[in-house]
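The structure displayed is predicted, hence computed values, not measured ones. Excluded from the calculations below are hydrogen atoms, water molecules and symmetry mates; all remaining heavy atoms, backbone and side chain alike, are included.
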Amino acid sequence: MTITPVLLSGGNGTRLWPASRKSFPKQFAPLIGEHTLFQASALRLSGSEFGAPVVMTGAEFRFIVAEQLSEIGIDPAAVLIEPSARNTAPAILAAALYLAAKDPEALMLVAPSDHVVPDSEAFARVVHQGVPIARRGRIVTFGIQPSHPETGYGYLELDGTPSDNVSALRRFVEKPDEKTAADMIAAGNFLWNAGIFLFEARTMILAFETYAPEFLEPVRAALKESQCDLGFLRLAADPWKNLPDLSIDYAIMENASNLSVVRFAEHWSDLGGWDAIWREAQKDKPAIRGVVTDARSTAVDCDNVLLRSEEEGMELVGIGLRDLIVVTTRDAVLVADMNRAQDVREAVGALREKNARQAENFPRDHRPWGWYETLALAERFQVKRIVVKPGAALSLQSHFHRSEHWVVVSGTARVTIDDTVTLVTENQSIYVPVGSVHRMENPGKVPMVLIEVQTGAYLAEDDIIRYEDVYART
């Protein structure tokens, strides 16, 4: 019985700011281990029991999804692009309708793409245990055996005594305070809500017909009017924009009467905060005095601290610290009480209110062709480092207000300026006058790196006219 994984790859990951931001959230970062959380999730759901995954994501992440799947050798069944963020209910319904059009009995395993589950084989066995239950028209949710009174998770209250790790669900419990969480764990019939579900496509569609029919017509229309875009399936924006912003828990799960819970007793984490990163780092071997550091961090006489420097070349030193989280990036520093890790999202909200760029964006801006970062910015000039992937090309474009000077640091650039095409090699430079129609390409087999110096009265990214673009951007 082939199970189709449905990977949910939206979300902003604000509780892991400043390493996770809206422009490049935590699921696409290698926070634990060599792979990103998204890649690790895709690999975990790629065994013999699983088919090619369906990925739900936003337009801004579609090329990141494609590139990261390609890096681990996974070819997705489909990548559905949500026109705007509307939470998990419409995303899951869209995936169910998409799969039901081919096979109404298709088994779907819906999973967030930012969780950590080290024992993939144990997880696959638990999923397999849920298959016959899902085949009976039930919705299977997977509950995690709690290890501590966590206030950042929702909980599942089991109904009756579990039989072979399977139980009916009595109710969902929202994120509790610490005392309530401790009381629930002591009661013994509560599990963490992992937000992972197994069901047949037709079962979920019927659930929406019964409990949330207002979703059906807009999502069906968004699928019917969808368009293929460079291998992605872009859902139609007009019907999608009026959908409620609602999670699958609120729309369906808290109302449905056909839910079963399968318990997963092995290690799991949704990395919902820096305290979770701190605990995860000690999973195999407890840290001395609870001190967790990375290669660029040093702790002196500290207890129960996480010191993490995300920037190459920046050394972080803590002296005499207790129960603290300290995370540094190139443009931001977080210092937080270990017991206040869940409040980091409030800090992100405060940064948004003051229009701080750091609230949502990194200095490094990822694009389909590679990335760039601003090295210096002042009145009338900006200096960028630009890295272009092998075989990639920027759009054919022009600017009204700025000229550009390009210096190739490594690799070779094929540069088009109006009607002239020039190969610019390492240590060579070229000038792009204001108003010229130009394009930069990397014809080589290694990344091409250059320094760009912009000069002019207006240097913002919206000063651009695109004439051709292989990535179909406007």
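When Ile133, Ile139, Thr141, Leu198 are each tested for a side-chain contact (heavy atoms from CB on, under 4.5 Å) with Ser260, only one passes: Ile133. Residue Leu107 is tested with Ile3, Val127, Leu99 for a side-chain contact (heavy atoms from CB on, under 4.5 Å); the sole match is Ile3. Exactly one of Leu450, Val449, Thr412, Val388 qualifies for a side-chain contact (heavy atoms from CB on, under 4.5 Å) with Asn442. That residue is Val388.
In this structure, Lys283 contributes its side chain and His267 its backbone to no donor-acceptor pair below 3.5 Å. At distances below 3.5 Å, not a single donor-acceptor pair connects side-chain atoms of Thr2 with backbone N or O atoms of Gly51. Looking at Arg220, its side chain never comes within 3.5 Å of a backbone N or O of Glu217 through a donor-acceptor pair. A donor-acceptor pair is defined here as one N or O able to donate and one able to accept, closer than 3.5 Å; no such pair exists between the side chain of Trp240 and the backbone of Leu223. Within the 3.5 Å criterion, the main-chain N or O of Glu67 finds no donor-acceptor partner in the side chain of Ser70. Not one N or O on the side chain of Trp371 forms a donor-acceptor pair closer than 3.5 Å with the backbone of Val387. Checking side-chain atoms of Ser113 against main-chain N and O of Ser41 turns up no donor-acceptor pair under 3.5 Å. Using a distance-only test at 3.5 Å, with no hydrogens or angles considered, no donor-acceptor pair links the side chain of Glu310 to the main chain of Arg330. Proximity of a side-chain donor or acceptor of Gln39 to a complementary backbone N or O of Gln68 within less than 3.5 Å is detected. The main-chain N or O of Gly272 is found under 3.5 Å from a side-chain atom of Arg15 such that the two form a donor-acceptor pair.
Ser269 and Glu280 get closest at one heavy-atom pair: CB-OE1, 3.7 Å. In plain terms, the two heavy atoms of Ser436 and Ser398 that are nearest each other are O-CB, 3.3 Å. Nearest heavy atom pair, residue Ala236 against residue Ala221, reads CB-O, 4.4 Å. Taking all atoms of both residues into account, the shortest heavy-atom contact from Leu246 to Pro90 is O-CD, 3.8 Å. Of all the heavy atoms in Lys175 and Gly154, the pair that sits closest is CG-N, 4.0 Å. Here the closest non-hydrogen pair linking Ala134 and Phe199 is CB-CA, 4.0 Å.
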Practice prompt. Dump the intermediate steps for salt bridge (Lys or Arg N to Asp or Glu O under 4.0 Å) on Glu452 and Arg402, then the final yes or no.
Written response: CA-CA 12 Å; Glu452 176 183 84; Arg402 70 174 184 257; 5.5 Å; no
Fill in: Trace of the side chain to side chain contact (heavy atoms under 4.5 Å, CB included) decision for Glu404 with His438
CA-CA 10 Å; Glu404 296 171 342; His438 60 277; 3.4 Å; yes
Worksheet item: Would Ile451 and Val409 satisfy side chain to side chain contact (heavy atoms under 4.5 Å, CB included), going step by step from the backbone distance to the final call?
Response: CA-CA 7 Å; Ile451 300 299; Val409 176; 3.7 Å; yes
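Counting heavy atoms from C-beta outward, Pro433 and Ile417 have side chains that approach closer than 4.5 Å. The shortest side-chain heavy-atom distance between Ile464 and His399 falls under the 4.5 Å cut-off. Using a 4.5 Å heavy-atom threshold, the side chains of Phe215 and Arg86 count as separate. Taking the side chain as every heavy atom from C-beta outward, Arg308 and Trp274 approach each other to under 4.5 Å. Side-chain contact between Thr329 and Gln358 is absent, with no heavy-atom pair separated by less than 4.5 Å. For the pair Gln342/Glu150, a side-chain contact is recorded, criterion being any heavy-atom separation below 4.5 Å from C-beta on. A 4.5 Å side-chain heavy-atom check between Asp270 and Trp192 finds every atom pair outside the cut-off.
With respect to Arg296 and Glu312, a salt bridge is recorded, a charged nitrogen being found less than 4.0 Å from a carboxylate O. Salt bridge annotation for Glu266-Arg125: absent, with no cationic side-chain nitrogen under 4.0 angstrom from a carboxylate oxygen. Ion pairing between a basic and an acidic side chain is recognised when a charged N comes within 4.0 Å of a carboxylate O; Glu461 and Lys384 show such pairing. Arg385 has a carboxylate O that lies under 4.0 Å from a charged side-chain N of Glu373, or vice versa, which qualifies the two as a salt bridge. Between Arg21 and Asp331 there is a salt bridge, since at least one side-chain N of the basic residue sits less than 4.0 Å from a carboxylate O of the acidic one.
Under the 30°/60° scheme for interplanar angles, the aromatic rings of His405 and Tyr431 are found to be tilted. Using cut-offs of 30° and 60° on the angle between ring planes, the pair Tyr458 and His401 is perpendicular. A tilted orientation is assigned to the rings of Phe61 and Phe28, their planes being inclined by 30° to 60°. Ring planes of Trp268 and His115: perpendicular class, angle over 60° (limits at 30 and 60°).
For CZ of Phe381, the number of neighbouring non-hydrogen atoms (other residues, nucleotides, ligands) closer than 6.0 Å is greater than 12.
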